Every structure is written in structure tokens, then in C-alpha cells.
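Below, read A as the first sequence line, B as the second, and so on, with proteins coming before strands; counting in each chain starts at 1. Not measured: the values here are computed from a predicted model.
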Amino acid sequence: MAVKTMIEAIRDGLREEMERDERVFVLGEDVGPRGGVFGVTDGFFKQFGAARVLDTPLAESMIAGAAIGAAINGMLPVAEMQFADFSHPAMDQIMNEAAKIRFRSNNDFNVPMVIRMPYGGGIHGALYHSQSVEALYGHIPGLTVVIPSNPYDAKGLLKAAIRDPDPVIFLEHKGAYRLIRGEVPDEDYTVPLGKAAVVREGKHMTAIAYGMMLHHCLNAADEMAKEGVEVEVVDVRTISPLDRETLINSAKKTGKVVVVYEDNRSGGWGAEISASIAEAAFAYLDGPIVRVTGPDIPAMPYNHAQEEFFMPNPEKILQAMKDLAAY
Amino acid sequence: MAVKTMIEAIRDGLREEMERDERVFVLGEDVGPRGGVFGVTDGFFKQFGAARVLDTPLAESMIAGAAIGAAINGMLPVAEMQFADFSHPAMDQIMNEAAKIRFRSNNDFNVPMVIRMPYGGGIHGALYHSQSVEALYGHIPGLTVVIPSNPYDAKGLLKAAIRDPDPVIFLEHKGAYRLIRGEVPDEDYTVPLGKAAVVREGKHMTAIAYGMMLHHCLNAADEMAKEGVEVEVVDVRTISPLDRETLINSAKKTGKVVVVYEDNRSGGWGAEISASIAEAAFAYLDGPIVRVTGPDIPAMPYNHAQEEFFMPNPEKILQAMKDLAAY
Amino acid sequence: MSTPTKQKVESGSRKAKAKQPRHEELGLGKEQLQEMYYYMLLARSLDERMWLLNRQGKAPFVISCQGHEAIQVGVCFAVERGKDWFLPYYRDLGICLCLGMTPREAMLQHFAKQADPNSGGRQMPGHYGLKRLKIVTGSSPVATQLCHGVGVALASKMKGDDEVTVISHGEGATSKGDWHESLNMAGIHNLPVIFLCENNQYAISVPVPQQVAGGSVAARGEGYGFPGVAVDGTDVLEVYAATKEAARRARAGEGPTLLEAITYRLTAHSSDDNDRTYRGREEIDMWRAKEPLPKFRQYLLDNGVATEEELAEIKKRIDAEVNDATDWAEVQPNPEASDATKFIYAPAEERA
Amino acid sequence: MSTPTKQKVESGSRKAKAKQPRHEELGLGKEQLQEMYYYMLLARSLDERMWLLNRQGKAPFVISCQGHEAIQVGVCFAVERGKDWFLPYYRDLGICLCLGMTPREAMLQHFAKQADPNSGGRQMPGHYGLKRLKIVTGSSPVATQLCHGVGVALASKMKGDDEVTVISHGEGATSKGDWHESLNMAGIHNLPVIFLCENNQYAISVPVPQQVAGGSVAARGEGYGFPGVAVDGTDVLEVYAATKEAARRARAGEGPTLLEAITYRLTAHSSDDNDRTYRGREEIDMWRAKEPLPKFRQYLLDNGVATEEELAEIKKRIDAEVNDATDWAEVQPNPEASDATKFIYAPAEERA
Ligand SMILES: Cc1ncc(C[n+]2csc(CCOP(=O)(O)OP(=O)(O)O)c2C)c(N)n1
Ligand SMILES: Cc1ncc(C[n+]2csc(CCOP(=O)(O)OP(=O)(O)O)c2C)c(N)n1
Ligand SMILES: [Mg+2]
Ligand SMILES: [Mg+2]
């Protein structure tokens, strides 16, 4: 197995799906000759041509809406929002249209499409190139929202998303693109949507996270292990529909839960995770369900000090774990 | 004091503010001669003229964005989204612009504006005239999100919102417009933003809700009282920033909490309420934090049976309260 | 806004050439014309019945096609029904009927019955969607279907399918960002799309001068590099002719056409509206005089396309169909509460 | 996309009338012209320094005005600075300097320093906003400022203030719904707005033919009922003349103007871009030959507006200012982490 970065795994997955199925095509801003501003579609324009690697006008609502229409007429579009922060103009198309089409047509129509969005901060992207949007999309039934944390999952989940008959929002952490590496098999595989994964077993405490934060949790768990506290780390992977069973089982097993997310605290997706556990695992809990999150400020600042202030990191998580362990 | 409906109280509050301060003006679709599709601005066109009661083109993003600009240039716009369900095209302007302007300009600019949106279901409005949107906007720091449950609060909160120097999303439950009546003083008053209210005291259990659901909770609490269970009912009033203190104090006092919201369950605003309590009041809890919510389906159906299936109501709440009381 | 302005009529009514009636010039025969009349009257009759049922408390909501019949029927007859795609909006009862939605199906929707083929009673009336007829499911948010239609047409082009996509909407919809983004995209890719604007002078209460800067929707075509054509939307033959040309262009790879069909909304916006707050009797009367149905009726009689008897026969047939549809649909089963959780995602076996 | 097409030049370069130099015809004197040149060169010099600092690892990001200087300076000199409102975008360093942002302030922003008057180091460089100069705070999402500008102008009109609002943006921004919604609103209310499109042929990598259906931004004005004017954006006097007329119209209550100033983006999109993936050397060279700065320099010399010595003096002054700004700003304090929670809402005492 080759070791790849996140971005390579995503690129490979997308390319293989385009090779496998003629109906798959990509559309978005600068995905053509430029290969996407992060290079996910690097080389695609040459390999697949302008028709299947479509540079669109700067119009996110149209990108999402045209993808819906193309999906209805037999294609399998993979749209790119250049940054998750710029997906807001498409929220009407994504939330009110894509998410509701199977439901509102009583199963007559469905929308097999994927919208990829680079998200997340810590990359000097400031207010508008750092946002987390999973809480907004995760709230909308009809959408499947995915966040991979490692190259293996990224490729397998992306393939599953492209083959899924319903709209999938596929969020890729920008900080992880080149930083996170891992083994990826050469043969075709998928990772099932809707399933969380226990990526580290432990019995004293559960840490729940996804995307970049998963790695910070693993780092913090390593530290905790040195002090004899075995932290079970759960990778949510599919934000919505949420695999409550896996999360709740882990919470029941350890009795203590830390939920970590990069998004600002209030109404972040970890609130749903916490509430689900508070409702279903109350009798098993030995301590409060603790959240380590971005602060409730409007967005991530550009300057280094304030960006660092915003981002959860292993130290902040470790502190919360220690406090909870001592509860 | 006169008894008024919600809609009368809102209309009075808005009219009085326009009379009090020339900078206040309304803009939106059909707010002019038509007086708004629900009649909130009925008579305003005649009283204040076309310039201050501005019928806009059908363009929600522009409505929100132009309100931002007008606020920056010294006016106090009160924009109307005809239905909360149609505010999605304006989410970029509301979330990425209005919410972040004071922050991003380091306090150089601010945006004193209000966006009113009728929300909520149970009125045969189907998928697109029934939605709850407080979880989406509540998640965004920089916005203040308000939901009044009664005419007194509606008028007082609207006045506070108009006088507030930052953007306020003001959500009005359509089902409550003509149904909910209450005493409203003639003299000028405001109800402070950011403060929840304990509207019924109790010691055995806390029910937390807002908008229409608050009334269903009160009804259910009446029933519980007959069985000797005193339910404390808390009206959240300001969704965000959330008055955690009042909610947590009540939870600590009673040890049992039911959170009720009409929105679909996953990632609804009650998840934040639940998570906040699970984190801060754990040691005081005598039972799981229970949620009574709309189901996780894409939206409210039009036909009666399925609409009823969607809406939380006093019976469903009562059942949850009984179960929790027995825990 | 009071009179229908004909900004630019590029096709239609070429009166010259001796006395050949317009329909013959257009290659339309007696049978087709009678069928067009049938659909116009069917749409009107069903629509009127829907209002009646609403007033009787049997259906909470109506939104009307009255005044739009000539546009909707004219357009449908000029394209290839069953092969071409439609993205209608809530006024397009006439379009859906022409494409093959039956009166019974229309009434199933009106009563929000379980068997409503558009949505199983989930959506409000007027929210169409029938895959078998290539009518793409629509929503309430205005103008979103423009983007979908552009995507449908893009897919047709990518697959090499000879399909035209008709996207209809009101003039209020032209103010939305989605409208612009879609026309721009269609123009860039020369997509086989007909943008059909049914300009009925009002968006609920807001009249054209407050809605459309410059006053003309058709005038905007040029800015996107394709023709914008305004036609008299009360004249079914004029609409037919303009659509025929737009469809020809689309099929020939010449790209989109923006068609503005000018008419008047004869009813209130919907059963929830009260139009007396914003428009006067005289204006309505003035437009009533130009109504599409009597005008076409007269044309049929004047040109010997139909006799009074034939027209009476058509009306009788329609009355029977409307009665049948109403009576039949009313007693069909209502949706089950528990079915509300169905069809959110594909069943597990269809998933990857 | 290779050559600057002049779709429609309604004003500017009226060559006729004997030999009067263009600037005199426009009522501009020697001092103003030298000042214009000063600002163009100042913008270019600061911009170049910013790239240098970026390459030295002292600033993570640059986005450039190179190629846009004639537009930005020409526009500013044609309106009333200090009185009129501006909603610039990230390329408008030249506009902000002309309006009174100092080189030191520009460098505070570039280094994201605490004292950065645009955002206190919170936003990326190029995200301007200075209330004292009536420069409205901008964001990254493209085209949102169009709506704000329309609102600013609406407020001016409501209050009876004699203010013009200039809203600038790239040609990529014209594809956004907000662009259309704003032009429509401005047209309906005849607002005193200048929509300034700085068409530099690319939106990151996407060239005009894939961005603008029909190929001309200016051609879209007509559809909104107001003039669309295309000018050579490398010619500061042509931009000045067209803006002067647009501002006159706005102040006279004649409504908005859509001004398309055609130029070329001389650098990569930003320091994060690599433009060799999508455009060739020859194209860049061809445009380099039309650069705004040498062209204007030559004009000044040819028309006796400035001597080589005077120009050298200007350059010297600018070099000193750029050095001073860099050195000074670099050592100013960085923002404090704990200040990140400030200024989300008004302080309690300002609230109702
Ligand atoms: C995005 C959005 N905003 C507002 C509404 C409410 N609304 C429904 S129909 C309508 C007017 C539409 O006017 P027009 O496009 O002219 O169509 P018409 O009804 O006149 O045929 C409005 C404002 C909506 N459905 N969607
Ligand atoms: C809504 C939105 N989508 C995408 C982006 C990413 N982006 C930043 S600048 C840009 C291109 C803008 O091109 P143009 O308007 O022509 O301005 P230019 O940079 O050429 O001056 C893009 C796609 C963004 N900032 N906002
Ligand atoms: Mg209309
Ligand atoms: Mg550009």
C-alpha cells in the first residue's frame, strides 16, 4: 500500500470514479486548467477534457443548482465550492432544493450529487477561508454530510458519496490536505456512509471528533495514556445522519465524554452529539459531557495570535481531558 | 391595558418606532400597499409613504444586503423576509456580512438592522412556508436571534431590536400571529434582548421552549400540575446569545429538563440548550435531558395527517414529561 | 402598469401574405387548434373548480393559471412533448395538462391525496413534478428551478441527447440572483434552453415598474448574448410561433432564447391574497377584455376552425372530466401520518 | 481572451478640436495630473513591496492591484473624495490610497498589525474598510458589497444627501446573483451609484468567455435601463472622463451607470496562485506593452505636464514613503490573542 496525503487520496478517488463511470463529472470555479485552487483536480482537464471538468462562472447558487439539474437528467455531478465559506449563496439550492427533492416528490426524483467543500482553519485564511459549516448542513435531513479524517477514509468515503443516490456534502479540512498522510490501497474500495469508527480503544473516557480535530484528540489521548488514562477516540466520519449508536455505546462504556469541534461552540455539531448522549446515556455518565470548541466569535481572525486563540489544539483538549478525568 | 394579538403587538411596536425615529424604515416584498402578506405593515404605506415602506423586488439577498448598506449610512432598516423559508438566499448576506461587520472592522462599522421573518408550521404551509430557522442563525455569533412567545414580549423585544446597534433576526411564529393574545401596555417599553424568562415556577421539572412551543409547554404543565408535578417553564426569548444562566439555574433547581422545539431534532437549537445543561449542571441532574421536537424529516408536509405528525403538541410534550417524571 | 407593451415581436403575426389564416401559416391544422382550445379551456375549468373547492373549505389553498392559458398551451404545442424537459412553476397547470397530467391527477394534488403523483400530498397545490412526463419537481422558493433547468440542459448536451428544456417563471422571478446566474451559464454554454417568462404584471402586489428595472424582461436577453423576445401572452398563436423558433434554435445548437410572454393575472395571487389592496377594478376590466380564451374562441369561429356546436361539445366533455376528476379524487385515501418518514434517503439496498 | 475590446466608448478621448491635450479638455491641470501619477506609482510601488515582503516570509498573503492603477486613480479623481462613498474590493489599493489611506496604514494591514485601521489585523490584506474615509468594510465573498452599496445609496437618497456611491468589483463578480439583484434595485430607484467593473480578463483562472455570456459587461446596462459604458482601463484619462459623466448623472438624479474598465491582471491572482497553469507568456507580454504607468508617464512628458526630473522626484518621494511605511509598520505591535473576543456586539451601555 502506498502512503498518500489527504489531497492525493481525494484526487485519486475522484479520478477513479470518473474513469469508472462516464456520468461522473466535476464542475466549479477554477477546477479546469488550474486544477482547483488546492489542486484536487490537477491534471483532470487534460485527462477528461473541458466538458467533464467544467470551469463555471463565479456563481455558487448556480453551481449547486445546475448540479441538481444534471443529476436529475442522468449525470453524477461532483461540484466544488472553492471554500466552504463561499457555499452560503448556495444554501438555498442545497438546503431547500437538493435536500428535499426525494422527499417532496414522494420518491419520484432523486439527486445523486456530491458537493465538495474545503473547510476549516489554522491556515491564515481569516474570516472567510477558515469556516466550519457542518452544523449548518448537518441540521438538514435529506443531506448526507461527510468529513473524513485520513486518506483511507477520504478516498473510500468520496467513492461511496459519488455512488450514493442522494446529495452528499463532502467536507475536506484544508489544514489536513497535505499534513495528514496514511496508507491507501490501490484496489477499489468504499467506506460506508453513516458509520462512525472507534479509531482508538479505551475504557476511561471517550473523545469524539472528526476531521482535523480527530488528530488533535489522538495526540491528547497519547498524552493521557502516559498518565494511565485510556481514552477511546471515536471518529464521527459521517456528520449526518449521525451514527448515534457507536457514539452512545462508547459513552456508555467509558462514562465520560469529551466532544471536540473546531467550529464556534454555540450550536456547533458537537452540541447535537452531546445532547444525544445526554438523552440516551444519562444513567451511564460519570461526569459532565465536556466540549472543547472554537470560541463564540464571528469567525477566525487572520493574525497569528488570534487564529491560534481560535483553534482547538492538543493542549486545550488535553487540559479538558485531565479536568474530566479528575471529576 | 388592551388585549392584543401577536400581530397587532408587532404592528404597533413597529409603527411606534417609525413614529419615534425617522431613520426607521421597512423594506421587503409586498410590505407596501399590500401591507405584508400577513398584514404586519397594514396601513404603513399610507401613514409613512412609499420611501419608508419600500416594496422591493423579489430578491432576498439584496433585501438583506441593502439593509446592511442603509444601516451603515445612518438608517435603521427593518427588513422583512416574507417567510423564514425564503431567507436562505440571504444567508450569505446575513451570516457572512451582517453578523461579521463589527468584528471584521474592529469596531469601526456596525449594522443596526432588524430582519423580521415569519416562521413555523401547523398552518398548512407545507415544506416552504413552515420552517424553523433559529438553529441556523443562532449558530452565528454577531447575530442576535429573538423569538417572542406573547404580544407583550413581541412588542417590547421588537422595540429593543430596532434600538439595538447590531443586527437582530426577529422570528415570529405564524401560528401564533392571531392565536396568541395578551395584555400590552400603551406606554413605551422595551423587553431586554438576551434574557430568558421563567414564565411559570415549578420545582419538579423544567420545560424549556420558545415561540409557539412555549404555549404547548404551558398547557402540558397545567396537566402535570393536576398530577402533582410542578413544572417550571422557561421562555428562552433570545435564542442567541443564549441566556445560559437562567436555563442552567432552573435545571439545577429541578434536576429534570425537557427541551421542546418545533424544528427537526438533529442540530436544532434545543441541542445547544441540552448540551449547555449537560455540561454545566451535570451534578444536579436526576434524569436524562429529554427533547420533544419535530422529526428528522426534510420539512413539514402539506397534508393534514403528516403535518400533525410533524408538529410537537401538548400531548406529545405531556407524554415526555410523564416519562421523565417517572424516571 | 396597465397596458401590455409589446417590446419586440420577432416572430408571430406576420400578417401580410394575402389572406392565409395565421394558423395555416404556422402549419397548424384544425385538429391541433381544437386541441389547443381544449387544453386552454380544461386548464381554466379545473382552475375555477379548484377555487370553488377552496371556498367550500375542501382544500386550503389554490394558486391560479387564469390569464396564462394561451402561453402555457402555445408553448407546449411548439415543442416535443414527452421528449423535451419542463421546469414549470406554480401557475403552470396548463403546461402540465398539455404534457399529460390528467384532470384526476390534478385533483389528487388539489386535495393532497396519497396518490397525488406530484408529491403524495406533501407539497402545496401547484408544485408540480412528474418524472414520466419529464416535468421536474418544483418547490416554492422562486427562481431556483432556473438553475436546475440549466443543469438538465447541460446534461442533455453532454450526453448528446436531442432535448430542449423549457423553464418557466414569473416576471418577479427575474429579480432573483438565480435567474441571472442561470441565464449567464446558459449563454456561455449555448445550452438548448427556453427561458419562458410569464409576465402577468404583478409579483403578488408588486407591479412591474417596481420589479423590473428598465421595464422589459426581453431586453435583458441581449446582455447574455442571446435573443430576448416579447410576445402577446394572450395570443396562443403568437406564443406558439415564438416558441417554435426558440425550440428550433435550441435544437440547432444556436443556444437559449429568453421569451417574455405578456399577460395579466386574472385572479388574486392565491387564495391567501386580497388583490383589492393594490389594484383597481378598471385595470382588471381592461385586461379582462383581452382574455386569452374568448379571443381564441373567436379566432376559431372566424376562421372556420370550429363551429359553435363543436365548441359546445368540447365544453361538455371538459365539464364531465372536471366533475369526474373532482368526485373521484375527493374520495381517494389521504396520506398516512406514518408515511411522513419515507423517502428521505434511498433505501439501504440502493446505497453504496 | 487576448485583446482589450472597446465595446462602446461613450465618453473619453474626443480627439478632434485642434491640438488641445486631452487633460485640458477634461479640465485637469498639471498639478492634478502629477498627483494622479503619484498615486498610480505609489500604489504600484507599495504593491511591489508587499510581494517582496511576502517572498521574504514576512506576510502570508498578497493580492495585487497591478494593472488596475489607471482605473483606480482615474475614478477617484472624478468624484468627490471625502464626500462620496466607496465599496472597494480587494484589488483597490489605489482607490484607498487616493481616498486618504496612508502608506503606513497600508503596511499595518499588510503585516496584520494591531493598529491596522481596516480590521485590527483580523482580515486578510486587501480587505479594506475605513469609516473616516467613507470606505465601507469589505469581505471576501465576491459581490456582496454590491448590495451594501445599493443600500448606502438608498440611504443617501432617503436622507437627501448629495452623495455618490462607487461600488467596484471584478468581472468575475458580475456572474453572482448579488450583482444582478443590486443593478436591478439601483435601476428601479434611480440610485446615485457607479458600478465600476474592473475587468482584468480573469477570475483567478477563468477567462472572460467562460465568465460573461455575450462577452461584454457594459452591454448589460441597457437591460436595467441605464447606460453601460466600456472604457480602456489602462488609460487614466479615459477612465476619469467616463467616471466624471457617471458622477454627474448620479448627482443630477439621472441614476446609475455601469462602467466597465478593461485592463489586465499583471500578477498572479494572489500569492497563493500560479498563473502559469492557465495563461501564456505571450499574452502577458502583449498586455505589459499597454501598461497604464509607462503610458501615462509618456503622456506627461509628451504634453509637457512633467519633466523627467519631476518624475524622478516623485519616484524618490514614493520610495522614501514605502521604505518608511514598511520599516515603521513592521515593528508595530501585533494583535493580542485575548482581544479576539472584542467587538462582537456593542458594549452593554450602547444596547437598548
Ligand atoms: C424566494 C422567494 N421569495 C418570496 C416568495 C413568496 N412569493 C411567492 S410567489 C411570489 C411572487 C412571484 O411573482 P412572479 O414571479 O411574477 O410570479 P406570478 O405569481 O406573478 O406568476 C412571492 C413573492 C417565494 N415563494 N420565494
Ligand atoms: C462567493 C465567492 N466565491 C469564490 C471566491 C473565491 N475567489 C476569490 S477572488 C475570485 C475571482 C474573482 O474574479 P474577479 O471578480 O474577476 O476579480 P479579480 O480578482 O479578477 O480582480 C474567486 C473565485 C470568493 N471570494 N467568493
Ligand atoms: Mg408575476
Ligand atoms: Mg477579473
Side-chain angles (χ1 to χ4, degrees), chain B residues 27-39 41-43 45-46 50 54-63 65 81-83 85-90 92-93 123-131 174 264 294-311, chain C residues 59-61 109 111-114 116 119-125 127 139-144 169-180 202-213 269-270 272-279 333-345:
Chain B
L27 71 166
E29 296 155 13
D30 305 291
V31 297
R34 179 72 183 81
V37 297
F38 293 98
T41 54
D42 192 29
F45 189 79
K46 224 168 162 178
L54 197 72
D55 262 340
T56 63
L58 209 172
E60 285 78 9
S61 186
M62 182 281 294
I63 293 170
M81 297 283 142
Q82 197 159 83
F83 288 81
D85 320 50
F86 304 138
S87 70
H88 297 60
D92 192 34
Q93 287 289 353
I123 50 130
H124 295 299
L127 288 78
Y128 301 104
H129 303 80
S130 305
Q131 293 176 24
K174 297 188 291 288
N264 66 273
D296 273 330
I297 70 175
M300 193 135 3
Y302 175 64
N303 69 79
H304 189 69
Q306 295 181 343
E307 184 180 73
E308 229 175 40
F309 171 84
F310 193 109
M311 291 292 287
Chain C
F61 186 75
Q109 182 188 42
F111 288 121
K113 292 295 186 180
Q114 189 171 48
D116 159 29
S119 79
R122 287 174 170 188
Q123 291 221 76
M124 298 173 91
H127 290 58
S139 63
S140 307
V142 162
T144 51
H169 55 83
E171 86 291 347
T174 67
S175 299
K176 289 286 301 177
D178 275 2
W179 188 85
H180 167 68
Y202 287 91
I204 307 187
S205 72
V206 179
V208 169
Q210 248 113 295
Q211 190 69 251
V212 183
H269 172 73
S270 74
D272 289 340
D273 184 30
N274 172 8
D275 61 341
R276 268 171 297 179
T277 55
Y278 55 82
R279 62 182 187 181
N334 289 318
E336 297 288 341
S338 59
D339 284 346
T341 56
K342 282 195 180 148
F343 311 135
I344 301 168
Y345 301 97

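Listed for the B/Asn303 side chain is a donor-acceptor partner under 3.5 Å among the backbone atoms of C/Gly121. Of the possible donor and acceptor atoms, one in the side chain of B/Gln306 sits under 3.5 Å from a partner among the backbone N and O of C/Glu336.
One finds the OG1 atom of C/Thr341 at 11.0 Å from the CG atom of B/Asp296 (value rounded to the nearest 0.5 Å). Rounded to the nearest 0.5 angstrom, C/Ser175 OG and B/Leu58 CG are separated by 6.5 Å. Rounding to the nearest 0.5 Å places CE of C/Met124 at 10.0 Å from CG of B/Leu127.
Minimum heavy-atom separation, B/Ala305 to C/Pro335: CB-O, 3.7 Å. Across all their heavy atoms, C/Ala340 and B/Ile297 have their closest contact at O-CD1, 3.6 Å.
Chain B forms more heavy-atom pairs under 4.5 Å with one residue of C/Ala203, C/Ala112, C/Ser139, C/Gly177 than with any other, namely C/Ser139. Ranking C/Phe343, C/Tyr278, C/Trp179 against chain B, the residue ahead of the rest is C/Tyr278, based on heavy-atom pairs under 4.5 Å. With respect to chain B, the highest number of heavy-atom pairs below 4.5 Å among C/Arg276, C/Gln211, C/His269 belongs to C/Gln211. Chain C forms more heavy-atom pairs under 4.5 Å with one residue of B/Phe309, B/Tyr128, B/Phe310 than with any other, namely B/Tyr128.
Looking at heavy atoms from C-beta onward, B/Phe86 lies out of side-chain contact with C/Val142 at the 4.5 angstrom threshold. Looking only at side-chain heavy atoms (C-beta outward), B/Asp85 and C/Ser140 stay at 4.5 Å or farther from each other. Looking at B/Pro57 and C/Val206, their side chains never come closer than 4.5 Å, going by heavy atoms from C-beta outward. Here the side chains of C/Pro141 and B/His88 are not in contact, with every heavy-atom distance at 4.5 Å or above.
Under the side chain to side chain donor-acceptor pair (under 3.5 Å) test applied with B/Arg34, the options C/Asn274, C/Asp273, C/Asp275 reduce to a single match, C/Asp273.
In this structure, chain B has no heavy atom under 4.5 Å from any part of C/Phe111. Contacts of B/His129 with chain C are made by side-chain atoms alone, with heavy-atom separations under 4.5 Å and no backbone atom involved. At a 4.5 Å heavy-atom cutoff, the contact between B/Glu60 and chain C is made by backbone and side-chain atoms alike. Looking at C/Gln114, there are no atoms closer than 4.5 Å to chain B (heavy atoms on both sides), in backbone or side chain.
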*Test C/Ile204 against B/Gln82 for side chain to side chain contact (heavy atoms under 4.5 Å, CB included), laying out the working first.*
CA-CA 11 Å; C/Ile204 307 187; B/Gln82 197 159 83; 3.4 Å; yes
